[in-house]
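All remarks here apply to the structure that follows.
Predicted model, so just to flag it, every value in this text is computed and none were measured. Below, read A as the first sequence line, B as the second, and so on, with proteins coming before strands; counting in each chain starts at 1.
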Protein chains: 2
Amino acid sequence: MTARLQRGLGVALWRQIADGIRAGIANGLADETGRLPPEAELAERFGVNRHTVRAAIAALAHEGVLESQQGRGTYVRRRKRLIYPIGERTRFSAGLGDQARDTRSEMIGTANESAAAWVTAALDLATGTGVVRIESLGRADGIPVSRSTSWFEADRFEGIAELFSSTGSMTAALAGLGVADYRRASTSIEARHAEEADTRELQLAPGAIVIVTRAVNCDLSGRPVQCSVTRFAADRVELVVDTMALGGK
Amino acid sequence: MTARLQRGLGVALWRQIADGIRAGIANGLADETGRLPPEAELAERFGVNRHTVRAAIAALAHEGVLESQQGRGTYVRRRKRLIYPIGERTRFSAGLGDQARDTRSEMIGTANESAAAWVTAALDLATGTGVVRIESLGRADGIPVSRSTSWFEADRFEGIAELFSSTGSMTAALAGLGVADYRRASTSIEARHAEEADTRELQLAPGAIVIVTRAVNCDLSGRPVQCSVTRFAADRVELVVDTMALGGK
DNA sequence: GAGGATTTGTGCGTATGTATG
DNA sequence: GCATACATACGCACAAATCCT
């Protein structure tokens, strides 16, 4: 149950413990009032000195996850991992639903470019077709959750960057360009260590983990509309594939 | 493009550089023969001492990603990731199909126990019901790919451990106990650093990443049969959810 | 094949970060 | 806060293997 810690692998114990506490919070480590066990008990549970636990708590307090009060204890400020559903009707804001008060997607960059090989394959385009690339950042209550790069055929979706930028919704932007509805065709999922751009945009610690999904969305006739790569902060979200709700007939 | 490195964040520079090199490989860091730039050049590019780059390369070599040869250079060992499909009919051997000559699942442990809260919830059982726990290891061509822990209701599936152990197939074991077919109801996916048991059973380097899936399988009447937690070696597999093939009607 | 250039492997001394009691 | 031990990172020097002219 308790993650076992290892020395000498390039990640300091206090950071492993910080990650362990963060994960533990989602699993009932804190009591119903949000109070963590005392430092001495955490130290024993993780098998380290209390100094080390204090360093971990200090880091989490600096991130805004915990708050320590002398004489009272240490309390959790934010609790659960967000659940991000994956299915036919996957959309950012709708998916997170009522798990956060405010879910929004913000455009942080765009460019026109010639499609790379795998983009042409995903969108079923001819080699070298012009495409629009859009970089966006998804937040839940202000906390960065995901970072996406999407590609669209340039001729078919001229002006989509402006539409997305002004509405903050990909669904709305596509609707404005004649795609009334769309469906997730396929999703591939991998996990890797965060790159520099991930740590910067998602405000992660170096060495953190990102879940990478590659997806293709099609319109109702089955024609590819959008392909995208999304990196999720692995300690903030959990992907859920509800097979039965999709395929159960 | 040049990764920004930071000291004193609890993650050693050599590990940040290892992650940077791994990411760079996917982005054309190595030339067409798979050769990396010399250590001296990498050191200058990352702004660190050559010793530090060497520590990063040593870690990647230990993981099997790189291979150094004195006087010649450092080369990328490319190995393709296995694609593991997730859907209604997810099964270990059938899923990997012809990607490996030999895919097998081996039982490495079993026990009878009282169901934990989340197991009773997943299997729709009363609190404290007896369950059988089965630990297994999935291999493709002898290389460990996944490590699973599954739970079954003890009364309903008495002897399942022996059946699974002798057949090496969960599908066959369930068939022998009256479950002709079953379907994946839901899958949740997260990612974290490998724990000690992961590094041991899956033969991973410390600090490697595992993808964790939690799944429930139901029989054709929709009654839960099995719930399981599976840890995949993130650098050996990629999960693919084919939404359309499942839900597209 | 000889010799120089390139590249990885090794040793040592020192300063700072991490972890313990 | 202090003392101690180990991990990390640097700088310099040189050895060993390989490549090229």
Side-chain angles (χ1 to χ4, degrees), chain A residues 2-22 37-63 68 70-71 74 193 196 199 205-208, chain B residues 2-22 24-25 29-77 193-196 199 205-208:
Chain A
T2 300
R4 233 168 290 188
L5 305 178
Q6 307 175 39
R7 303 181 69 153
L9 48 76
V11 182
L13 287 184
W14 64 262
R15 175 145 289 289
Q16 297 181 54
I17 290 168
D19 295 341
I21 290 176
R22 220 190 329 238
E39 291 173 357
E41 186 183 323
L42 288 173
E44 191 183 4
R45 198 183 301 198
F46 285 107
V48 298
N49 192 276
R50 193 168 75 94
H51 282 305
T52 311
V53 168
R54 285 182 55 75
I57 289 175
L60 291 172
H62 188 257
E63 285 180 36
S68 291
Q70 194 168 33
T74 302
H193 287 105
E196 189 272 339
T199 61
Chain B
T2 304
R4 227 172 298 176
L5 304 179
Q6 300 172 294
R7 299 182 73 156
L9 288 174
V11 181
L13 287 184
W14 65 261
R15 175 146 287 288
Q16 298 181 52
I17 290 168
D19 295 339
I21 291 175
R22 218 190 327 238
I25 289 170
L29 178 64
D31 66 15
E32 55 285 345
T33 69
R35 187 188 192 205
L36 281 187
E39 294 170 355
E41 186 184 324
L42 289 174
E44 191 182 5
R45 200 184 299 196
F46 285 107
V48 298
N49 192 274
R50 191 166 74 95
H51 278 303
T52 311
V53 168
R54 285 181 55 74
I57 289 175
L60 292 172
H62 188 257
E63 286 179 34
V65 177
L66 297 179
E67 185 176 5
S68 292
Q69 293 171 35
Q70 190 170 18
R72 275 177 43 85
T74 303
Y75 293 80
V76 179
R77 285 175 119 184
H193 286 108
E195 297 175 3
E196 191 272 337
T199 61

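- For the salt bridge (Lys or Arg N to Asp or Glu O under 4.0 Å) test with B:Glu67, the passing option among B:Arg72, B:Arg77, B:Arg35 is B:Arg77; the others fail.
- Taking 3.5 Å as the limit, the base of C:dG9 and the side chain of B:His51 contain no donor-acceptor pair of atoms between them.
- Rounding to whole angstrom units, CZ of residue A:Arg54 and P of D:dG1 are separated by 11 Å.
- Rounding to whole angstrom units, CD of residue A:Gln16 and P of D:dA7 are separated by 14 Å.
- Closest to the side chain of A:Val48, out of C:dT20, D:dC10, D:dA9, is C:dT20.
- Taking 4.0 angstrom as the limit, B:Asn49 places none of its side-chain polar atoms (N or O) nearer than this to OP1 or OP2 of D:dA9.
- The number of heavy atoms from other shown groups lying within 6.0 Å of CD (A:Glu44) does not exceed 12.
- Rounded to an integer number of Å, the gap from CG of B:Leu60 to P of C:dT8 is 14 Å.
- For A:Glu44 and C:dT20, the CD to C1' distance is 16 Å, given to the nearest whole Å.
- You'll find the side chain of B:Thr74 stays beyond 4.5 Å of the side chain of B:Leu60, heavy atoms only.
- One atom, CZ of B:Phe46, and another, P of D:dA9, lie 13 Å apart when rounded to the nearest Å.
- We find that CG of B:Asp31 is positioned 17 Å from P of C:dT6, with the value rounded to whole Å.
- Per the geometry, CD1 belonging to B:Ile57 stands 11 Å off C1' belonging to C:dT7, to the nearest Å.
- A distance of 5.5 Å separates CG in A:Leu42 from CD1 in A:Ile57, rounded to the nearest 0.5 Å.
- You'll find the side chain of A:Gln16 stays beyond 4.5 Å of the side chain of A:Asp19, heavy atoms only.
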For nucleotides 14-21 of chain D, give me one character per nucleotide, 5' to 3': B if any protein heavy atom sits under 4.0 Å from the base, S if the only such contacts are to the sugar-phosphate, - if neither. --BBSS--
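- OP1 or OP2 of D:dC10 sits under 4.0 Å from a side-chain N or O of B:Thr52.
- A 4.5 Å side-chain heavy-atom check between B:Phe46 and B:Ile21 finds at least one atom pair inside the cut-off.
- Using a 4.5 Å cut-off on side-chain heavy atoms (C-beta onward), B:Leu29 and B:Val76 make no contact.
- Between B:Leu13 atom CG and D:dC10 atom C1' there is a gap of 11 Å when expressed in whole angstrom units.
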